[in-house]
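Scroll down for the structure; my scribbles are underneath it.
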Protein chains: 2
Amino acid sequence: MTGGSQHRQAEAGKRYDVFHTDCLARDVVDHVTSRWGIWVLISLRSNSLRFYELRESIQGISEKMLAQTLRALVQDGLVWRTVEPTTPPQVTYGLTEFGQDVGEPLTELFDRITRRLSAPGAG
Amino acid sequence: MTGGSQHRQAEAGKRYDVFHTDCLARDVVDHVTSRWGIWVLISLRSNSLRFYELRESIQGISEKMLAQTLRALVQDGLVWRTVEPTTPPQVTYGLTEFGQDVGEPLTELFDRITRRLSAPGAG
DNA sequence: CGGCATCCTCGATGATACTG
DNA sequence: CAGTATCATCGAGGATGCCG
């Protein structure tokens with residue numbers, strides 16, 4: 001990730017027309033709907049998970065992309081992160097209120113898709 | 001990504017099958033949450049649109065990507081396409097029932113994000 | 001265990017030009 | 001208007017290795 005971006009605040013210059021490239025929300029939507037973002041968010045809906053638990057539950061994701069995706073989501077305020085200073089370290093991720101807010105329609109989205117594709121005569 | 005065609009059952013509270021690379025729904029989810037897919041679907045929610053109308057409403061999209069995205073969505077059964085054999089040709093796109101079904105949580109998703117980012121003290 | 005840094009590949013994306 | 005075809009590129013993403 002390009003880094004540096006902290007918690008995103010409403011900037012005066014930015015618009016809220018998501019269809020506009022210069023839109024604040026578009027960045028967040030891009031993260032949420034990024035290749036791995038959606039799966040991370042959905043994974044964390046039921047309960048908080050450790051790094052390796054996430055890695056194992058999301059088939060095909062690399063550690064690099066998991067870390068990168070998590071960082072973006074944390075920066076966007078969708079995911080929180082706690083570090084237990086044990087040995088070995090223990091890092092846990094979970095959804096913030098905002099994250100849960102976003103996770104709901106996301107789950108609904110893929111539920112509907114799954115339901116549709118499993119339905120007899122579909123596709 | 002075109003591998004498996006088996007439909008598996010989702011276990012409540014457990015990992016969903018979509019987390020596996022060989023899941024049918026994953027392809028569709030990938031299309032829906034592709035860079036432009038989400039905007040196309042949201043654009044078409046209110047009413048059907050012509051090709052150039054879509055191009056103009058979604059800032060930053062190229063004709064190639066629009067055509068490509070639309071083709072994928074049509075194949076997935078989310079979008080329908082009609083051609084009026086006039087001169088010049090007139091092609092219209094709209095949401096199928098499935099598309100509307102999917103568009104709803106999608107709109108809800110980005111509504112929540114927008115709302116959150118516009119909220120005072122947000123971020 | 002968690003997670004950076006580095007290198008490298010490949011495919012998504014974009015620009016351009018052409019067709020019906 | 002609504003595409004399609006071709007080519008160039010850019011960066012997401014994967015593999016590997018090192019560190020606290």
Side-chain angles (χ1 to χ4, degrees), chain A residues 1-5 19-22 26-40 43-44 48-76 79-94, chain B residues 1-3 19-22 26-40 43-44 48-76 79-94:
Chain A
M1 198 98 317
T2 41
S5 55
F19 289 76
H20 204 277
T21 46
D22 170 28
R26 191 151 166 174
D27 295 340
V28 178
V29 172
D30 276 350
H31 292 158
V32 169
T33 64
S34 71
R35 176 150 179 212
W36 303 111
I38 178 174
W39 308 120
V40 169
S43 294
L44 292 175
S48 307
L49 293 172
R50 304 263 308 272
F51 186 86
Y52 78 93
E53 291 176 316
L54 276 168
R55 179 182 8 95
E56 284 166 14
S57 76
I58 305 172
Q59 202 201 36
I61 195 172
S62 67
E63 299 199 346
K64 175 188 166 183
M65 292 319 297
L66 178 54
Q68 189 172 305
T69 302
L70 283 168
R71 223 180 309 141
L73 295 177
V74 167
Q75 279 183 345
D76 289 338
V79 170
W80 52 256
R81 182 190 122 119
T82 357
V83 183
E84 301 276 341
T86 58
T87 313
Q90 194 164 314
V91 184
T92 309
Y93 296 89
Chain B
M1 216 49 171
T2 349
F19 287 70
H20 288 268
T21 45
D22 68 342
R26 191 149 166 174
D27 294 340
V28 177
V29 172
D30 276 350
H31 292 158
V32 168
T33 65
S34 72
R35 176 148 179 213
W36 302 112
I38 178 172
W39 308 120
V40 168
S43 294
L44 291 177
S48 308
L49 293 172
R50 304 264 306 273
F51 186 87
Y52 79 95
E53 291 176 316
L54 276 169
R55 178 180 9 93
E56 283 166 15
S57 75
I58 304 174
Q59 203 204 32
I61 195 172
S62 66
E63 298 198 347
K64 175 186 165 184
M65 290 319 298
L66 178 54
Q68 190 172 306
T69 302
L70 283 169
R71 225 178 307 140
L73 295 178
V74 168
Q75 275 186 345
D76 288 339
V79 170
W80 52 256
R81 182 190 122 118
T82 359
V83 184
E84 300 277 340
T86 59
T87 313
Q90 195 166 314
V91 184
T92 309
Y93 295 90

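Every chain is numbered from 1 and lettered A, B, ... according to where its sequence line falls, protein lines coming before strand lines.
Note: OH (A:Y52) to P (C:dC1) measures 7 Å, nearest angstrom. When the P atom of C:dC1 is taken as reference, atom CD of A:E53 falls 11 Å away, rounded to whole Å. In this structure, CD of A:Q90 is placed 7 Å from P of C:dG2, rounded to the nearest angstrom. Computed from coordinates, the A:L66 CG to D:dG13 C1' distance equals 13 Å when rounded to whole Å. Between B:R71 atom CZ and D:dT4 atom C1' there is a gap of 8 Å when expressed in whole angstrom units. The CZ atom of A:R55 sits 7 Å away from the P atom of C:dC1 (whole-angstrom rounding). Summarising the geometry, the separation between CH2 on A:W39 and P on D:dG13 is reported as 14 Å, rounded to the nearest angstrom. The separation between B:L70 atom CG and D:dG3 atom C1' is 11 Å, rounded to whole Å.
Across B:R55 and B:I61, no two heavy atoms sit closer than the pair O-CG2, 3.9 Å. Shortest non-hydrogen contact noted between A:L66 and A:F51 is CD2-O, 3.5 Å.
In terms of position on DNA chain D, the residue among B:A67 and B:E56 whose nearest nucleotide sits closer to the 5' end is B:E56.
Between C:dG11 and A:R35, no contact under 4.0 Å exists linking OP1 or OP2 to a side-chain N or O. The phosphate of D:dG3 has OP1 or OP2 within less than 4.0 Å of a side-chain N or O from B:R81. Between A:R50 and C:dG2 there is a side-chain polar atom (N or O) within less than 4.0 angstrom of OP1 or OP2.
In the set D:dT4, C:dG14, D:dG13, D:dG13 carries the atom at the smallest distance from any side-chain atom of A:M65. The side chain of B:Y93 approaches D:dG3 more closely than any other nucleotide in the set C:dG2, C:dG14, D:dG3.
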| said: What verdict does the side chain to side chain contact (heavy atoms under 4.5 Å, CB included) test give for A:W39 and B:V29, after you've listed the backbone C-alpha separation in whole Å, the side-chain angles of each residue and the deciding distance to 0.1 Å? | reply: CA-CA 10 Å; A:W39 308 120; B:V29 172; 3.8 Å; yes
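For the side chain to side chain contact (heavy atoms under 4.5 Å, CB included) with A:W80, the lone residue among A:V74, A:L73, A:T92 that qualifies is A:T92.
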| remark: Readout for nucleotides 15-20 of chain C: B = base within 4.0 Å of protein heavy atom, S = sugar-phosphate only, - = neither; 5' to 3' it is B----B
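In this structure, the separation between CE on B:M65 and CZ on B:R35 is 8.0 Å, given to the nearest 0.5 Å. Distance check, rounded to the nearest 0.5 Å: OG1 of B:T69 to NZ of B:K64 gives 10.5 Å.
Using a 4.5 Å heavy-atom cutoff, the side chains of B:L44 and B:L54 are in contact.
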